[in-house]
Engineer: 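What follows is a single structure, and I will ask about it in a moment.
Numbered from 1 within each chain, the chains take letters A, B, ... in sequence-line order.
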There are 2 protein chains.
Amino acid sequence: MDAISTVTIRRARREDVGMIVKMLADDPLGSARERIEEPLPASYFRAFERLEEDPNIQLMVAEGRDGVVIGCLQLCILPGLSSQGASRGLLEDVRVAAHCRSRGIGESLVQWAVAEARGRGCRLVELLTHHTRVDAQRFYKRLGFQPSHVGMTLRF
Amino acid sequence: MDAISTVTIRRARREDVGMIVKMLADDPLGSARERIEEPLPASYFRAFERLEEDPNIQLMVAEGRDGVVIGCLQLCILPGLSSQGASRGLLEDVRVAAHCRSRGIGESLVQWAVAEARGRGCRLVELLTHHTRVDAQRFYKRLGFQPSHVGMTLRF
């Protein structure tokens, strides 16, 4: 079992997009939504460019000692008036490669994001997790998150 | 009862900040989090400046025929890799002044945001609403939102 310290958390680069999309797709919900093809649909790379241009968004990856990407997380820092004008941190697309789970990699990613959000003046970090993801809810509760809200979605 | 058509939805301006904060505070959850003082704490205006600088965030107000601000909503367009690189729309801080509820103002604001998100390539609009806000949940369900997710928060 690898220790947490063997993982490097860094900004995602263009060459990581394929590995990130693979992790997003390797999941009962994600498999229906993604398109894993060779080459990868251009829409993923266009989205990566939009992410890179936004100073309030950081797409991060966890890289193992061998340089392979085994986890990802997107942190958005959202300014807003509520809570006396404190920004909010929003976590999205938190994934760990199936063969690397239960090693603390997800925890490292989330702890990085919480520290980053605090450092950028947030007083709240929030996320939506599908109601069927009970393991994820247990994981976030262990890290101090409360299931205080209902996450509502409209797809079209 | 005013018809929906008498409401104008427009970008918030600096002079609207006081009225928006009043609406955020006029609520069992918000009252503990906001500071209504004369003058309003500078942190609110600094947050407004950060909002204005972010091209992916729109803080909108609903203005009655008399020019008074009676509702607000913040829409964030969030690029991301998932769902084949489609951006997501996030709704935050949706409020209608207490004396103007049940007139379709909230619906006008949310419908504006959904149309804007679609127009900017989103395939999903999401939001978190506190589990105690059962009226809000009923309102969003009526507009087609599903309570598909758990909204988890970490405050510090």
Engineer: Report the hydrophobic cluster partners of A:L29, with the cluster defined as I, L, V, M, F, W, Y residues connected by side-chain heavy atoms closer than 4.5 angstrom, directly or transitively.
Structural biologist: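 Traced through the cluster, A:L29 reaches no other member.
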
Engineer: Could you tell me which portion of B:I57 (side chain, backbone, both or neither) has an atom closer than 4.5 angstrom to a non-hydrogen atom of chain A?
Structural biologist: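 Side chain of B:I57 only, per the 4.5 Å heavy-atom cut-off to chain A.
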
Engineer: Which atoms of B:L81 are under 4.5 Å from chain A, going by heavy atoms: the side chain, the backbone, both sets, or neither?
Structural biologist: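 Contact with chain A is through both the backbone and side chain of B:L81.
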
Engineer: Got a donor-acceptor contact below 3.5 angstrom from the B:R50 side chain to the A:G85 backbone?
Structural biologist: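 Such a contact is found between B:R50 side chain and A:G85 backbone.
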
Engineer: For B:Q74, is it the side chain, the backbone, both, or neither that has a heavy atom closer than 4.5 Å to a heavy atom of chain A?
Structural biologist: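 Contact with chain A involves the side chain of B:Q74 alone.
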
Engineer: Under a 4.5 Å heavy-atom cutoff, which of B:G80, B:G144, B:C76 has the most pairs with chain A?
Structural biologist: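 Highest number of pairs under 4.5 Å: B:G80.
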
Engineer: Do we see a donor-acceptor contact under 3.5 Å between the side chains of A:N56 and B:D54?
Structural biologist: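 The criterion, which ignores hydrogens and geometry beyond distance, is satisfied for B:D54 and A:N56.
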
Engineer: For a 4.5 angstrom cut-off between non-hydrogen side-chain atoms, does A:R133 reach B:H149?
Structural biologist: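 Side-chain contact under 4.5 Å: no.
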
Engineer: Counting N and O atoms only, with roles assigned by atom type, does the side chain of A:Q146 sit under 3.5 Å from a partner on the main chain of B:M152, one being a donor and the other an acceptor?
Structural biologist: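 A pair under 3.5 Å: no.
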
Engineer: For the atom pair CZ (B:R46) and OG (A:S87), what is the distance rounded to the nearest 0.5 Å?
Structural biologist: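 Going from the CZ atom of B:R46 to the OG atom of A:S87 covers 11.0 Å.
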
Engineer: Kindly say whether B:V150 contributes a backbone atom to a donor-acceptor pair with the side chain of A:T129 at under 3.5 angstrom?
Structural biologist: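 Not at all, since once roles are kept as given, no pair shorter than 3.5 Å links the two residues.
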
Engineer: Assess B:R123 against A:F156: is NZ or CZ under 6.0 Å from the centre of the six-membered ring, and within 45 degrees of the ring's axis?
Structural biologist: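 No cation-pi geometry.
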
Engineer: Would you say the side chain of B:R155 lies within less than 4.5 Å of the side chain of A:S83, judging by non-hydrogen atoms?
Structural biologist: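 Answer yes - side chains close enough.
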
Engineer: Are any side-chain N or O atoms of A:Q84 and backbone N or O atoms of B:Y44, one a donor and one an acceptor, separated by less than 3.5 Å?
Structural biologist: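 A pair under 3.5 Å: no.
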
